[in-house]
Amino acid sequence: MMKHILSVLVENKPGVLSRVTGMISRRGFNIGSLTVAPTEDENLSRMTIIVEADDVGFEQITKQLHKLVSVFKISDLTEDDAIERELVLFKVQCSPERRHEIIEIAGVFRANIVDVGKNTLTVEATGTESKLDALEDLFRSYGIRQLTRTGKIAMSRGHDQ
């Protein structure tokens with residue numbers, strides 16, 4: 001099984017997300033990550049879907065997606081030289097005496113401190129999955145009180161024809 005990255009251009013209408021995800025789950029595939037938001041055209045949304053499937057299963061998914069009326073374009077970004085990013089928020093446990101350590105780590109990873117509590121710092125970071133995993137590993141030793149990740153977004157590099 002391989003993780004596949006799909007970029008799917010769909011109608012920006014109620015029920016489209018449900019139809020797309022329902023079609024994938026009905027065929028027994030798990031969606032590892034899903035992001036969806038409007039595009040530069042207010043009538044269209046772009047879905048970035050991470051799904052784990054073998055080649056036959058992945059082909060089945062793309063063929064079924066093409067049959068949905070609300071789907072306009074499907075791009076497989078798995079093998080492409082794609083730009084991939086994810087956003088994460090960490091609420092890290094820290095005493096005032098150790099706050100500077102977390103701020104230094106955040107600086108190395110080009111992350112931002114977005115909130116300061118009495119015994120916590122909230123850090124916002126964007127980057128590749130591996131970068132954010134490395135940052136998470138470092139923060140674990142301090143104690144992560146809360147963590148939330150957006151899921152991956154991706155776009156092909158250069159010009160699409």
According to a 4.5 Å side-chain heavy-atom criterion applied to Ile, Leu, Val, Met, Phe, Trp and Tyr, with indirect links allowed, do [X] and [Y] form part of one hydrophobic cluster?
X	Y	result
Ile50	Val8	no
Ile61	Val10	yes
Phe58	Phe29	yes
Val71	Leu34	yes

Could you pull out the closest heavy-atom pair between [X] and [Y], with the gap in Å?
X	Y	result
Arg19	Leu68	O-CD1, 4.2 Å
Val36	Ser45	CG2-CB, 4.1 Å
Ala53	Gly57	CB-C, 4.2 Å
Thr48	Lys152	CG2-O, 3.4 Å
Ile24	Val51	CG2-CG2, 4.2 Å
Leu9	Arg46	CD1-NH2, 3.8 Å

Check: Is it the case that Arg85 and Thr128 place a side-chain donor and acceptor less than 3.5 Å from each other?
Finding: no

Notebook entry, point to check: Going by atom types only, do Thr78 and Asp76 share a side-chain donor-acceptor pair under 3.5 Å?
Noted result: yes

Just how far is it from atom [atom1] of [X] to atom [atom2] of [Y], taken to the nearest 0.5 Å?
X	Y	atom1	atom2	result
Thr126	Lys131	OG1	NZ	5.5 Å
Ile153	Leu77	CD1	CG	11.5 Å
Ile74	Thr62	CD1	OG1	6.0 Å
Cys94	His100	SG	NE2	10.5 Å
Leu6	Ile49	CG	CD1	5.5 Å
Asp55	Met1	CG	CE	11.0 Å

Notebook entry, point to check: Is the number of heavy atoms from other residues, nucleotides or ligands within 6.0 Å of CG (Asp41) greater than 12?
Noted result: yes

Note to self: Can you confirm whether Arg145 is buried at CZ, in the sense that more than 12 heavy atoms of other residues, nucleotides or ligands lie under 6.0 Å from that atom?
What the structure shows: no

With distance as the sole test, does [X] use its side chain to make a donor-acceptor pair with the main-chain N or O of [Y] at under 3.5 Å?
X	Y	answer
Ser7	Ser75	no
Arg99	Ser95	no
Ser70	Val16	no

Note to self: Check this for me: does any side-chain nitrogen of one of Glu86 and Arg149 sit under 4.0 Å from a carboxylate oxygen of the other?
What the structure shows: yes

Margin query: Any salt bridge linking Glu52 with Lys3? Criterion: basic side-chain nitrogen under 4.0 Å from a carboxylate oxygen.
Written below: no

Checklist line | Side-chain cluster (under 4.5 Å, hydrophobic types only) that Met2 belongs to, other residues | finding: none

Next item on the list: Please go through Ile105's hydrophobic cluster and name the other residues, only I, L, V, M, F, W, Y counting, with side-chain heavy atoms under 4.5 Å joining them.
Entry: Val88, Phe90, Val92, Ile102, Ile103, Val108, Phe109, Ile113, Val116, Leu121, Val123, Leu132, Leu135, Leu138, Phe139, Tyr142, Ile144, Leu147

Note to self: Does any part of the side chain of Glu11, heavy atoms only, come nearer than 4.5 Å to the side chain of Asn43, both counted from C-beta?
What the structure shows: no

Margin query: Could you tell me if the side chain of Glu129 sits less than 4.5 Å from the side chain of Glu84, heavy atoms only?
Written below: no

